Structure formats: C-alpha cells, structure tokens
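Please read the structure below before turning to the comments.
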2 protein chains.
Amino acid sequence: MASSVEDIRVAVDLIVLTLRDDALNVLLVQRDDEPHRGAWALPGGFIEYEEDLEDAAYRVLSDEASLGSGAVHLEQVRTFGTPHRDPRARVVSVAFMALGADLPDPERGDDVADARWWSVEDLTGIELAFDHATVLGCAVERARAKLEYTTLAVTFLPEEFTISQLRGVYESVWGATLDAGNFHRKATRTEGFLAELDKHAAPTGGRPARLYSAGAGSALVPPLLRSGQ
Amino acid sequence: MASSVEDIRVAVDLIVLTLRDDALNVLLVQRDDEPHRGAWALPGGFIEYEEDLEDAAYRVLSDEASLGSGAVHLEQVRTFGTPHRDPRARVVSVAFMALGADLPDPERGDDVADARWWSVEDLTGIELAFDHATVLGCAVERARAKLEYTTLAVTFLPEEFTISQLRGVYESVWGATLDAGNFHRKATRTEGFLAELDKHAAPTGGRPARLYSAGAGSALVPPLLRSGQ
DNA sequence: GAAATAGTGTCTCTAAGACAGTATATA
DNA sequence: TATATACTGTCTTAGAGACACTATTTC
C-alpha cells in the first residue's frame with residue numbers, strides 16, 4: 001500500500017529544562033514500546049484535531065511529565081519532519097522548550113516505562129530515541145543564546161530570587177564562571193531586567209542578599225554576551 | 001462526520017524576501033480559489049509523504065514562485081497550527097524564510113491568479129489571506145533581528161558587493177540610516193564578515209568602491225546592534 | 001575647479017572586565 | 001576575632017557614535 005499525505009502525523013516534542021544542583025537538567029522518558037523500546041526519549045505526543053500546538057504541548061507536559069502549566073515558560077523551538085525520523089510513519093514534530101524553576105520529580109505517565117531528570121552534560125554519549133539528541137541540542141543552544149539578549153534566565157528561578165541565584169543560572173546554563181561584582185552591576189543596572197524588593201534572603205553564612213523579582217522587560221539592552229568571557 | 005487526526009494536513013509557507021529599489025520586498029501570490037479568492041497570500045503548498053520539509057519549501061519556490069534553489073538562503077522560521085486558521089481543514093504550516101539577491105519577477109504559477117513583489121512597508125493596511133500577515137510579520141522581525149548578530153545581510157547581495165551596498169541592506173531592512181564611516185569600520189574589522197577582493201566596482205560618480213565577498217563566518221561578534229541607533 | 005562617493009582619523013562616551021575595597025552576616 | 005557572602009568603587013580597555021578630514025572618481 002502506497003503511503004500518502006493522509007498518513008502524515010503531527011506531534012509535539014517537549015524539551016523540559018530546569019536547574020537541579022547547579023546543572024541544566026532535561027526531563028526524559030524511557031520508552032515502553034517499539035521502536036527504541038527501553039531508550040530514553042523526549043516526552044511527546046500527537047496533536048488532536050481541534051487542539052492548538054501550544055495546548056498539545058501543555059497536555060503532554062501534564063500527561064507524560066506530570067507537570068502543571070503554571071510554572072513553566074513554553075516556547076516553540078523548531079519543527080523536525082525529515083522522512084523516516086520515526087520508522088513507523090511520517091511524523092512531523094513541533095519541538096517546544098519548557099523552562100521552569102524547581103520542577104518536581106516526574107511521576108511515571110502512560111506508555112512510559114520510567115521518567116526522570118538527566119543532567120544535560122551527563123547525556124553526551126547516551127543515545128536517545130529517534131532524532132531526539134538533535135532536537136535536544138537545538139533547544140539547549142536556543143536557551144543558551146536567549147540568555148544573552150532576553151530576560152529568560154528568570155524563568156529558571158522562583159518568584160523571588162537573589163542576584164547570586166540569577167548569576168548561578170547563567171553559570172549553570174553556559175557552563176562558565178562569571179565575575180560576581182560585574183554581574184551584579186550589569187543585572188541591577190539593565191533596565192527592565194529586575195524589580196527590586198524590600199526584602200532580603202535568609203543569610204547563608206554571609207551578608208544577606210537582597211531579593212528581586214522579574215522586571216517588566218523581556219529584552220536585555222545591551223545584551224549580556226557570552227563571547228567576552 | 002467527525003474530523004480526526006487523519007484529516008490534519010502539513011504544509012509549508014514561504015516568505016521570500018529580497019531588496020528592490022532599496023526596499024524590503026516579499027513575494028505574494030493572488031489566490032485563484034476559495035477561500036480568500038482574489039486575496040494575496042504567501043506561496044505555499046502541502047508536503048508530500050516522502051519529502052523533507054526543506055525540499056517541499058524548495059519545490060514551492062520553484063512551482064509557485066518560479067525561483068530556482070541556487071540563489072536563496074532558506075531557513076525555518078516557525079510553525080503555525082492554530083485550528084481553523086484555514087477554514088477548509090486543519091492545516092499545520094511550517095513557515096520558511098527565503099532570502100535572495102536580485103530575485104526576478106515571478107512567472108504566474110499553478111492555481112494562482114497572479115504573483116508579484118510587494119514592498120513590505122506598503123503592505124501595512126492590506127489584508128492578507130489566512131494568518132499570513134502574522135506569518136510575514138514573524139519572518140520580517142526574524143530577518144531584522146538576525147542582521148544584528150549574524151552575517152545574513154550578505155544573502156541579500158550578489159557574490160561581489162561594496163560596503164555601501166552592504167550598508168544599504170541594513171538601512172533597507174531596518175528602515176534606519178547608518179553612519180557610512182562607522183559602518184565601514186565595523187564591517188571591515190569584524191572578523192569573518194567579509195573577504196576583501198582585489199577589485200573595485202565601476203565608479204558611480206565618485207571614488208570607486210572596493211569589492212568584497214562573503215566571509216567565512218556566520219556570527220557577528222560583537223554584534224551590530226540596532227538599539228544604539 | 002565642484003560635486004559625489006569611498007574611506008580614514010579622532011574625539012567622546014558607554015560599558016565590559018579585572019580586581020580591590022567595603023558591608024553585613026555567622027562561627 | 002576570622003570567614004563567608006553581598007555589594008561598590010576604580011582603573012583600563014574595547015568599541016560605538018559623531019563628525020571632520022582625506023582619497024579618487026565624474027562632470
């Protein structure tokens with residue numbers, strides 16, 4: 001039987017990123033079915049006929065990752081649709097990146113043998129199902145790049161945070177060390193990045209740090225570039 | 001009859017951009033069928049079962065826009081898939097942006113009443129078919145942003161070009177005026193942007209300009225920011 | 001010669017990086 | 001007191017913007 005356009009399926013794949021122990025982590029599920037049974041994969045699922053792409057992404061987040069929509073920033077990354085990327089059928093998959101703070105350990109969802117957080121760094125060498133290594137790499141690079149010229153870093157932090165925590169986001173995601181003093185000046189003097197609160201964090205063996213929340217802006221002008229490090 | 005996932009179709013839409021008379025132009029086709037008969041739309045088409053997304057984009061470029069693949073830079077922008085964006089069926093459309101130099105006037109393709117270049121600026125106020133105004137806006141903003149931190153501007157120019165022509169690309173796409181002297185210094189001293197040729201352009205009433213070709217780099221470090229204008 | 005376009009020099013100002021110094025907590 | 005963390009000040013340097021100046025062509 002010749003396959004035709006009616007056999008093309010549309011899916012969403014999710015790259016759920018959070019910080020755990022100062023390392024960028026991604027949520028993967030272990031496949032319970034062929035193909036790639038037992039391999040780790042990005043959570044994903046087919047879209048329904050009357051469902052927006054974003055809604056499908058939130059549904060997968062809830063079903064496969066047991067994460068509510070409240071605490072995450074969701075953003076489309078790219079669409080992957082090369083024939084035979086899924087051996088069963090032609091699947092065109094829209095990749096979404098979801099960023100959140102302190103995301104919980106996932107419960108095991110449907111059609112999934114296991115689900116857990118992986119440090120992105122530890123994943124080099126581990127083979128993922130389908131083309132998910134490419135998809136993951138694409139999303140991680142997007143996140144790294146967007147820290148430079150947007151306020152995206154705050155989505156990895158709780159509502160209230162310190163400058164040190166914010167610097168920790170940059171250091172963890174970029175895998176670089178930043179000068180604490182210079183970062184402090186840059187973060188506090190870039191308009192729209194932060195909103196200063198009249199509160200301080202509980203001290204951790206030193207001077208208590210002032211708390212901030214996310215500012216009104218979304219662009220960082222001028223940007224906070226990696227290159228100069 | 002209830003619609004199901006078998007009725008979802010995947011398409012590509014093309015935002016073909018070039019410069020004509022120092023203005024950013026986009027190629028639009030006039031629809032010959034309902035819905036939106038007579039309205040102007042982005043060229044697009046459904047993907048085939050064994051066809052990569054990029055290949056489908058090149059096919060549409062050739063069929064509907066009568067443009068070969070040689071002279072364009074093709075890049076995925078975003079995927080649009082909100083239900084009812086096409087009233088006939090559920091269509092998930094992957095938007096591709098195609099940039100080229102001196103693209104010719106299109107011949108009229110199949111299923112199309114007319115096809116022509118529009119100045120992007122002149123299009124404000126004109127209603128496009130489907131959600132194509134949003135798609136176009138998304139692509140134009142992407143192109144504008146990528147001029148800042150990539151060498152994408154050279155894709156709007158022929159193989160050999162002058163610094164003035166390159167500055168003209170920035171000025172046309174951004175709709176801004178740049179200082180000629182400062183731009184010259186920035187362009188020639190940013191590593192990887194340009195390759196100096198041992199040739200000069202024919203003079204146009206002044207000192208003949210040196211010719212350059214695209215350099216080996218794709219990133220502009222440090223970037224050439226709009227914000228400071 | 002004037003006019004037009006190309007390209008360079010120079011001054012100022014912003015902001016990044018290096019790093020020393022100060023502030024405020026705990027032990 | 002020492003130590004740890006948070007923050008601020010200062011110096012140097014890179015690079016952007018403003019703009020004057022020189023270079024090379026056509027008319």
Side-chain angles (χ1 to χ4, degrees), chain A residues 22 147-149 153 157 160-172 174 176-213 217 219-229, chain B residues 22 147-149 153 157 160-172 174 176-213 217 219-229:
Chain A
D22 294 325
L147 289 198
E148 293 193 311
Y149 55 93
L157 294 173
E160 302 184 344
F161 54 85
T162 68
I163 303 283
S164 289
Q165 289 179 290
L166 183 62
R167 178 165 48 85
V169 173
Y170 279 88
E171 293 185 329
S172 301
W174 284 351
T177 306
L178 305 181
D179 180 273
N182 292 335
F183 183 86
H184 192 282
R185 176 165 32 98
K186 173 70 183 176
T188 50
R189 298 200 187 165
T190 300
E191 206 170 340
F193 199 0
L194 302 177
E196 189 177 308
L197 302 177
D198 206 15
K199 287 195 267 186
H200 290 262
T204 60
R207 173 174 169 180
R210 180 178 286 278
L211 285 169
Y212 293 82
S213 63
L220 239 44
V221 195
L224 208 165
L225 299 174
R226 278 176 285 186
S227 47
Q229 311 303 332
Chain B
D22 294 324
L147 289 198
E148 292 193 312
Y149 55 94
L157 293 173
E160 303 183 344
F161 53 86
T162 67
I163 304 283
S164 289
Q165 289 178 291
L166 183 62
R167 177 166 47 85
V169 173
Y170 279 87
E171 294 185 329
S172 302
W174 286 351
T177 306
L178 305 181
D179 180 273
N182 292 334
F183 183 87
H184 192 281
R185 177 165 29 100
K186 172 70 183 176
T188 50
R189 298 199 189 164
T190 299
E191 207 170 339
F193 198 3
L194 302 177
E196 188 178 309
L197 303 176
D198 204 16
K199 287 195 268 186
H200 292 261
T204 60
R207 174 174 169 179
R210 181 178 286 278
L211 285 168
Y212 293 82
S213 62
L220 239 43
V221 196
L224 208 165
L225 299 174
R226 278 178 285 185
S227 47
Q229 309 304 332

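Just so we're on the same page: letters track the sequence lines, and every chain starts at 1. Small disclaimer: the values here were computed from a predicted structure and weren't measured. Values reported hereafter were calculated over all heavy atoms of this structure, with side chains retained and with hydrogens, waters and symmetry mates removed.
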Side-chain N,O (A:Lys186) to OP1/OP2 (C:dA15) below 4.0 Å: no

Whole-Å distance between [N] [atom2] and [X] [atom1]?
X        : N      : atom1 : atom2 : result
B:Phe193 : D:dG15 : CZ    : C1'   : 16 Å
A:Arg185 : C:dC19 : CZ    : P     : 14 Å
A:Arg189 : C:dA16 : CZ    : C1'   : 12 Å
B:Arg226 : D:dG17 : CZ    : C1'   : 18 Å
B:Leu225 : C:dT14 : CG    : C1'   : 13 Å
A:Leu178 : C:dG17 : CG    : P     : 9 Å
B:Leu224 : D:dG17 : CG    : P     : 8 Å
A:Glu191 : C:dA15 : CD    : P     : 11 Å

Would the base of C:dA16 count as contacting A:Asp179 through its side chain, where contact means a donor and an acceptor less than 3.5 Å apart? no

Would you kindly compare B:Asn182 and A:Ala180 by the position of their nearest DNA chain D nucleotide and give the one closer to the 5′ end?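 This one resolves to A:Ala180.
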
Any donor-acceptor pair under 3.5 Å from A:Thr190 side chain to A:Ala187 backbone: no

Tell me if a side-chain donor or acceptor on B:Tyr170 pairs with a main-chain N or O of B:Ala153 at a distance below 3.5 Å. no

Going 5' to 3' through nucleotides 1-6 of chain D and flagging B where a protein heavy-atom sits under 4.0 Å of the base, S where only the sugar-phosphate is that close, and - otherwise, we get ---BBB

Side chain of B:Ile163 only, please: which of C:dG17, D:dC19, C:dG7 is the nearest? C:dG7

Residue B:Pro222, side-chain atoms from C-beta onward, closest of D:dG17, D:dA16, C:dC19: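 Closest nucleotide to the B:Pro222 side chain: D:dA16.
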
Work out which heavy atom in B:Glu171 is nearest to a heavy atom in B:Leu178; give both atom names and the distance. OE2-N, 2.8 Å

Side-chain contact, heavy-atom cut-off 4.5 Å: A:Pro208 with A:Lys199?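 No, too far: nothing below the 4.5 Å cut-off.
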
Hey, are the side chains of A:Arg210 and A:Asp198 touching, using non-hydrogen atoms and a 4.5 Å cut-off? yes

Count the heavy atoms of every other residue, nucleotide or ligand shown that sit under 6.0 Å from CD of A:Glu191, and state whether that count exceeds 12. no

Nearest 0.5 angstrom please: A:Arg167 CZ to A:Leu224 CG, how far?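 Rounded to the nearest 0.5 Å, the CZ-CG separation comes out at 12.0 Å.
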
